[in-house]
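The block underneath contains the structure these notes are about, expressed in structure tokens.
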Amino acid sequence: MSLYNRILVPISDSILSSKVLINAVRFAKEQNADLIILNVEEPVVGAFSTAIRYSQESLAVTKNKVINEAMEKLANCDLNVTYKIVAGNAAECILDVAERTRCNLIIIGSHGFGMSDLLFTNTATIVAGKADIPVLVIK
């Protein structure tokens, strides 16, 4: 029996997400695990909300693009893969989805989760610090 059977893989439109997917697939195959690919839509709030405006439609197109690219890359990976898009704070959403879907591992990129990674503590750092399950950070 494998140690990990359900792996959460948060992705974004960053270059690092491709590397994260490659490593997650390799690891999931070794563990015979299911993958849950997650994309978090972070709202722009506060002082930057007036300077940076995205319409809901353009955000949806961007997020669907992220998921669609992941679906293309994983189409022939011979794994059970589920795709999710949620909205909110990236770290909180990742932790919430991991708990609700009963994942026992998170594989995450070291950076690349939007404006909050540029302005505040890195999403991967928050997830690794608060998660009740192991977190593998890909650099």
With a 3.5 Å cut-off and sequence neighbours excluded, list the donor-acceptor pairs that the side chains of residues 21-30 form with protein atoms.
unit_1 : atom_1 : unit_2 : atom_2 : d
Asn23  : ND2    : Lys19  : O      : 2.8
Lys29  : NZ     : Cys77  : O      : 3.3

For residues 92-105, tabulate all N or O donor-acceptor pairs below 3.5 Å that involve a side-chain atom, not counting sequence neighbours.
unit_1 : atom_1 : unit_2 : atom_2 : d
Asp96  : OD2    : Arg100 : NE     : 2.8
Asp96  : OD2    : Arg100 : NH2    : 3.3
Thr101 : OG1    : Val97  : O      : 2.6
Asn104 : OD1    : Asn5   : N      : 3.2
Asn104 : OD1    : Arg6   : N      : 3.3
Asn104 : ND2    : Asn5   : OD1    : 2.9

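What you find for Ile11 and Ala70 is that their closest heavy atoms are CD1-CB, 3.7 Å. Nearest heavy-atom pair, Ala90 versus Thr123, reported as atom, atom and distance to 0.1 Å: CB-CG2, 3.9 Å. The shortest non-hydrogen separation linking Ala124 to Asn122 is N-OD1, 2.8 Å.
For the atom pair CD1 of Ile107 and CD1 of Ile36, the computed distance is 12.0 Å after rounding to the nearest 0.5 Å. Separation of atoms CG (Leu8) and CD1 (Ile133) is listed at 7.0 Å; rounding is to 0.5 Å. Here CD1 of Ile108 is found 9.0 Å from OG of Ser12. Values are rounded to the nearest 0.5 Å. Leu79 contributes atom CG, which lies 8.5 Å from atom CD1 of Ile7 (distance to the nearest 0.5 angstrom).
Sorted by first and then second residue, the salt bridge (Lys or Arg N to Asp or Glu O under 4.0 Å) pairs with a member in residues 125-139 form an empty list; sequence neighbours excluded. Listed by first and then second residue, the ring pair (Phe, Tyr, Trp, His ring centres under 6.0 Å) pairs involving residues 77-101 amount to none (not counting sequence neighbours). Contacts classified as salt bridge (Lys or Arg N to Asp or Glu O under 4.0 Å) and involving residues 77-91 (residues at least two apart or in different chains) are not found.
Classification of Glu69 and Lys65 as a salt-bridged pair holds, one side-chain N sitting under 4.0 Å from a carboxylate O.
No donor-acceptor pair closer than 3.5 Å links the side chain of Glu41 to the backbone N or O of Ile85.
Using a 4.5 Å cut-off between side-chain heavy atoms of Ile, Leu, Val, Met, Phe, Trp and Tyr, with links allowed through other members, Ile15 and Leu74 fall into different hydrophobic clusters.
Between Val40 and Pro10 there is no side-chain heavy-atom pair separated by less than 4.5 Å.
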